[in-house]
Student: 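Before I ask anything, here is the structure I am working with.
This is a predicted model, so every value here is computed, not measured. Just so it is clear, the values below take in all heavy atoms, side chains as well, and ignore hydrogens, waters and symmetry mates. In what follows, every chain begins at residue 1, and chains take the letters A, B, ... in the order their sequences are listed.
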Amino acid sequence: QKEVEQNSGPLSVPEGAIASLNCTYSDRVSQSFFWYRQYSGKSPELIMSIYSNGDKEDGRFTAQLNKASQYVSLLIRDSQPSDSATYLCAVNWSGGSNYKLTFGKGTLLTVNP
Amino acid sequence: DGGITQSPKYLFRKEGQNVTLSCEQNLNHDAMYWYRQDPGQGLRLIYYSQIVNDFQKGDIAEGYSVSREKKESFPLTVTSAQKNPTAFYLCASSTPSKGEGQPQHFGDGTRLSIL
């Protein structure tokens with residue numbers, strides 16, 4: 001059973017700090033990784049995609065992928081109260097259907113003013 | 001604007017009743033998906049469809065049924081066999097690629113409760 005693991009949190013950071021969210025996955029042949037943000041009572045919203053080892057930056061968000069260690073992380077710089085949400089990690093497994101994603105249970109982030 | 005429309009936003013089911021959740025997309029995506037989310041839990045895949053007139057069971061298909069008669073539409077029926085239907089139901093779609101997996105984009109969801 002392929003799994004995606006996230007610390008459920010809550011992760012609490014002060015406004016302006018860097019929030020670091022981590023995700024590990026169980027299968028080395030995974031190929032595509034996504035971070036979604038989900039506000040309470042709302043649907044998930046895609047914020048980052050990453051496909052190769054290294055860092056990918058988009059505004060205040062940086063995704064980091066290390067396939068050898070089987071983890072992907074999301075850094076949020078200059079955290080704002082509006083970043084308070086649950087962050088879901090999703091993984092696509094190569095070798096099977098490239099349509100399917102497996103989601104972690106999410107990490108709840110709280111940014112305190 | 002392109003997007004995924006789910007309706008209704010809230011739905012109540014009586015004992016022994018089947019209910020159908022609607023999902024329509026105008027993104028021209030081939031693949032569509034249904035997920036269930038329970039409080040504090042991640043997303044669990046119910047059914048998915050890669051092409052019209054074809055669909056596959058996900059991890060928790062028992063008590064649910066789907067159809068895919070049109071590319072734009074992927075309705076989900078929650079049958080009376082699903083004994084614990086109270087959850088947040090999310091429809092998603094994606095476009096295929098030859099190499100990398102593609103992200104899925106979500107509708108606003110339907111909250112289903114038992115009366």
Side-chain angles (χ1 to χ4, degrees), chain A residues 1-10 21 23-25 27 29-53 56 58 63 65 67 72 85-108, chain B residues 3-7 9-10 21 23 25 27 29-51 54-61 68 74 87-111 113:
Chain A
Q1 180 79 4
K2 295 181 171 66
E3 294 183 343
V4 177
E5 299 285 343
Q6 295 182 256
N7 187 324
S8 62
L21 303 159
C23 172
T24 59
Y25 55 94
D27 196 313
V29 297
S30 53
Q31 63 177 21
S32 307
F33 306 85
F34 308 98
W35 282 99
Y36 288 83
R37 178 176 60 200
Q38 186 175 24
Y39 291 115
S40 180
K42 302 296 185 182
S43 63
E45 170 193 12
L46 179 70
I47 54 172
M48 289 288 282
S49 305
I50 187 165
Y51 300 96
S52 56
N53 280 327
K56 179 181 178 182
D58 184 1
L65 175 60
K67 289 190 176 183
V72 55
T86 296
Y87 289 80
L88 301 171
C89 172
V91 178
N92 168 254
W93 312 103
S94 63
S97 166
N98 72 352
Y99 292 85
K100 291 177 65 176
L101 297 180
T102 300
F103 287 82
K105 293 184 178 180
T107 298
L108 176 61
Chain B
I4 301 171
T5 301
Q6 290 188 243
S7 63
K9 190 171 183 177
Y10 298 96
L21 285 60
C23 179
Q25 54 99 0
L27 300 168
H29 284 172
D30 288 305
M32 297 185 74
Y33 312 80
W34 276 106
Y35 292 92
R36 168 179 174 144
Q37 187 175 37
D38 295 283
Q41 299 295 312
L43 278 64
R44 292 187 290 169
L45 183 64
I46 303 172
Y47 269 98
Y48 67 104
S49 168
Q50 300 178 20
I51 196 169
D54 187 45
F55 49 83
Q56 286 77 41
K57 293 181 179 180
D59 300 319
I60 56 165
R68 187 85 186 276
F74 191 40
F88 188 37
Y89 290 87
L90 290 158
C91 179
S93 69
S94 69
T95 189
S97 75
K98 290 186 179 180
E100 301 159 338
Q102 292 299 303
Q104 296 173 12
H105 302 275
F106 288 86
D108 289 339
T110 293
R111 291 199 179 276
S113 302

Student: To the closest 0.5 Å, what do you measure between CZ (A:Phe103) and CD (B:Gln37)?
Tutor: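 The distance works out to 9.5 Å.
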
Student: Can you measure from OH (A:Tyr36) to NE2 (B:His105) and round to the nearest 0.5 angstrom?
Tutor: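 If we round to the nearest 0.5 Å, A:Tyr36:OH and B:His105:NE2 are 6.5 Å apart.
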
Student: Name the member of A:Gly104, A:Pro44, A:Ser8, A:Gly41 that forms the most heavy-atom pairs with chain B at distances under 4.5 Å.
Tutor: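 The candidate making the most pairs under 4.5 Å is A:Pro44.
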
Student: Rounded at 0.5 Å granularity, tell me how far OH in B:Tyr35 sits from CG in A:Leu101.
Tutor: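 Answer for the OH-CG pair, B:Tyr35 versus A:Leu101, is 5.0 Å.
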
Student: A:Phe34 and B:Gln104: side-chain contact (heavy atoms from CB on, under 4.5 Å), yes or no, with the steps?
Tutor: CA-CA 9 Å; A:Phe34 308 98; B:Gln104 296 173 12; over 6 Å; no

Student: Using every non-hydrogen atom in the two residues, find where B:Gln102 and A:Tyr51 come nearest and quote the distance to one decimal.
Tutor: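 So the two residues come closest at NE2-OH, 4.4 Å.
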
Student: Side chain, backbone, both or neither: which part of B:Gln6 has an atom under 4.5 Å from a heavy atom of chain A?
Tutor: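 Contact with chain A: none, neither part.
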
Student: Does A:Lys67, at its NZ atom, have more than 12 non-hydrogen atoms belonging to other residues, nucleotides or ligands within less than 6.0 Å?
Tutor: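 Enclosed: over 12 neighbouring heavy atoms sit under 6.0 Å from NZ of A:Lys67.
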
Student: Measure across A:Ser43 and B:Asp108 and return the closest heavy-atom pair with its distance rounded to 0.1 Å.
Tutor: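 What the structure gives for the nearest pair is OG-CA, 3.8 Å.
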
Student: Any idea which of B:Gly58, B:Gly42, B:Ala31, B:Pro103 has the most non-hydrogen atom pairs under 4.5 angstrom with chain A?
Tutor: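 Result: the option with the highest number of such pairs is B:Pro103.
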
Student: Measuring heavy-atom distances to chain A, does B:Arg44 have an atom under 4.5 Å in its side chain, in its backbone, in both, or in neither?
Tutor: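 Neither part.
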
Student: With rounding to the nearest 0.5 angstrom, report the CG to OG distance, A:Asn92 to B:Ser94.
Tutor: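 So the gap between those two atoms works out to 9.0 Å.
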
Student: Distance from B:Phe106 atom CZ to A:Gln38 atom CD, nearest 0.5 Å?
Tutor: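 It comes to 8.5 Å.
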
Student: Counting only heavy atoms not in B:Leu27, do more than 12 fall under 6.0 Å of its CG?
Tutor: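 Yes, because the 6.0 Å sphere around CG of B:Leu27 holds more than 12 heavy atoms from other groups.
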
Student: With a 4.5 angstrom heavy-atom cut-off, which part of B:Leu43 approaches chain A: side chain, backbone, both or neither?
Tutor: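 Both parts, heavy atoms under 4.5 Å.
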
